[in-house]
Protein chains: 2
Amino acid sequence: MTLQVSSKPAFTRAEPDARRASLVEACARVLAREGVAGSSVRAIALEAGVSPGLVGHYFPGIDALVAETYAHIEAQVSAAIDAALEAAGSDPRARLEAFVTASFAPPIASGELLATWIAFWSLVRSRSEIARQHDEQYAQFRARLEGLLAECGMPAPQLRRAAIAITALVDGLWLELCLSPQAFSPAEAGAIARQALAALTSSGR
Amino acid sequence: MTLQVSSKPAFTRAEPDARRASLVEACARVLAREGVAGSSVRAIALEAGVSPGLVGHYFPGIDALVAETYAHIEAQVSAAIDAALEAAGSDPRARLEAFVTASFAPPIASGELLATWIAFWSLVRSRSEIARQHDEQYAQFRARLEGLLAECGMPAPQLRRAAIAITALVDGLWLELCLSPQAFSPAEAGAIARQALAALTSSGR
DNA sequence: TTGCTTGTTGGACGTTCGTACAACAAGTGC
DNA sequence: GCACTTGTTGTACGAACGTCCAACAAGCAA
């Protein structure tokens, strides 16, 4: 006979999707706090409040968890950009500027996100399926930018190179901003990007 | 009585600087081949052909070895750029273009270098002395670019932002080029950078 | 040749890692 | 209530990790 009156349940059984999501979020937090080196299965399980064995039950390895964490954060970034585009109204030029401005504001320009990015990048060269995931997400990001540029009236032949250039500029500014926040401010990064945007979109006309 | 006639010496004693350099180069090779996760003290010692204990004799930890490896590779990159500037002659504009063109040619645009960069970046946020090293090397890189821009006649007030923008653009293109080499070619990256360079340097006049 | 300095070795140590798995219990259908 | 499914636990295991250090030997000075 077992008494279960005054004691809490030993664990709660979660929906598989919800549990996966909580593990992904715990992974992002540990990566942000401890860096790549300190992000072990045990640390992530502790952060998520579950036992170490459960991580292996949902993900074949820590690489897969990092890959899903990257996809999760990329989705958050994408949602933040969508919100910024929405708020910018319908003027194509304003939408394009909102795109780059949002890239240097919270929650995107956060040094904590960088750790997840770096962990993912470190897997790209050695794991082919992760390289494929990176290619897809990069292509998706660039395609949206090409759409914005087209709405601004940029001729189709120029779209590809302009999108590559602006993506690289934003990525480079974002990277430096996260790595050494005192080199320049988010506001300055945005101003630089918008200025470059003006130079790039006018020079080709 | 020991016979040393037909057997090779058990080890050769190297100059401290030479031994440090060989460890640094072995570290770069292991990082390029195995990635951050596979770069242990043992693996690096094996690559350098020395015993594991020797790594600890020269470096207090693997972080310090990675930091010195980063500095070593940055010096190689800097030398490659200097050579490109030298070869470009004395015309300021040609020198500026040689600067960005060299950034996408071997030995700089190599996916193998990326692993060292990523390993270093992963330490920036958690180790303050490594953050300082990054700041210094970034500032140095940008200062040289500002010098080139000044020689091209750019007014002083614009130098800072233009240098930040071009550095970010080159870094972003270089990063994507290393991460997914099939997205665009080194030649296209160079063309994009030179085109952006023209747009940025003419718009401010 | 002899003695000294010190770069170098190689194994021992305690820790932490990822993984596997038997036992347990929460929730569900009957 | 009862049996069944399966999400979850906790631990055990071997491998690999960083670090340490006593012993060894290469090269130099005398």
Side-chain angles (χ1 to χ4, degrees), chain A residues 1-24 26-27 30-31 33-69 119 122-123 126-127, chain B residues 1-24 26-27 30-31 33-69 119 122-123 126-127:
Chain A
M1 173 162 135
T2 54
L3 294 177
Q4 276 289 20
V5 179
S6 62
S7 65
K8 293 186 295 185
F11 59 89
T12 57
R13 181 171 293 213
E15 285 291 312
D17 289 349
R19 186 66 86 186
R20 284 181 74 92
S22 81
L23 285 172
V24 160
C27 178
V30 174
L31 277 172
R33 191 187 338 120
E34 315 280 349
V36 189
S39 295
S40 62
V41 169
R42 282 173 166 81
I44 294 169
L46 180 67
E47 174 74 26
V50 299
S51 75
L54 197 60
V55 176
H57 189 261
Y58 282 100
F59 298 94
I62 207 170
D63 292 359
L65 176 52
V66 168
E68 189 151 326
T69 302
S122 73
L123 300 174
S126 52
R127 306 284 300 260
Chain B
M1 174 163 140
T2 55
L3 294 178
Q4 276 290 19
V5 180
S6 60
S7 65
K8 293 188 294 186
F11 59 88
T12 57
R13 181 171 295 213
E15 285 291 312
D17 288 350
R19 185 66 85 186
R20 284 180 75 91
S22 81
L23 285 173
V24 160
C27 178
V30 174
L31 276 172
R33 192 189 335 121
E34 315 279 350
V36 189
S39 296
S40 63
V41 169
R42 282 173 165 82
I44 294 169
L46 182 67
E47 174 74 25
V50 299
S51 74
L54 197 60
V55 176
H57 188 262
Y58 282 100
F59 298 94
I62 207 171
D63 292 1
L65 176 52
V66 167
E68 188 151 330
T69 302
S122 73
L123 300 175
S126 53
R127 305 285 300 260

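All chains are named by letter (A, B, ...) in the order of the sequence lines, taking the proteins before the strands, and each is independently numbered beginning at 1. Not measured: the values here are computed from a predicted model. Keep in mind that the numbers below use all heavy atoms, side chains included, and drop hydrogens, waters and symmetry copies.
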(request) Take the protein atom CZ of B:Phe59 and the nucleotide atom C1' of D:dG18, then report the distance between them rounded to whole Å. (result) 16 Å
(message) I need the A:Leu31 CG to A:Thr69 OG1 distance, nearest 0.5 Å.
(response) 6.5 Å
(request) Mind checking salt bridge (Lys or Arg N to Asp or Glu O under 4.0 Å) for B:Glu68 and listing every partner two or more places apart, or none if nothing turns up? (result) B:Arg20
(request) Whole angstrom is fine here: how far is it from CD1 in B:Ile44 over to P in D:dC17? (result) 10 Å
(request) Would you mind building the protein contact string for nucleotides 6-12 of chain D? One character per nucleotide, 5' to 3', B for base within reach (heavy atoms under 4.0 Å), S for sugar-phosphate only, - for untouched. (result) BBBBB-B
(request) Show your working on side chain to side chain contact (heavy atoms under 4.5 Å, CB included) between B:Leu46 and B:Val30 and close with a plain yes or no. (result) CA-CA 10 Å; B:Leu46 182 67; B:Val30 174; over 6 Å; no
Under 3.5 Å donor-acceptor pairs involving side-chain atoms of residues 34-43 of chain B, not counting sequence neighbours:
| residue | atom | partner | partner atom | Å |
| --- | --- | --- | --- | --- |
| B:Ser39 | OG | B:Gly35 | O | 2.8 |
| B:Ser40 | OG | B:Ala43 | N | 3.2 |

(request) Using a 4.5 Å cut-off on heavy atoms from C-beta on, say whether the side chain of B:His57 contacts that of B:Arg19. (result) no
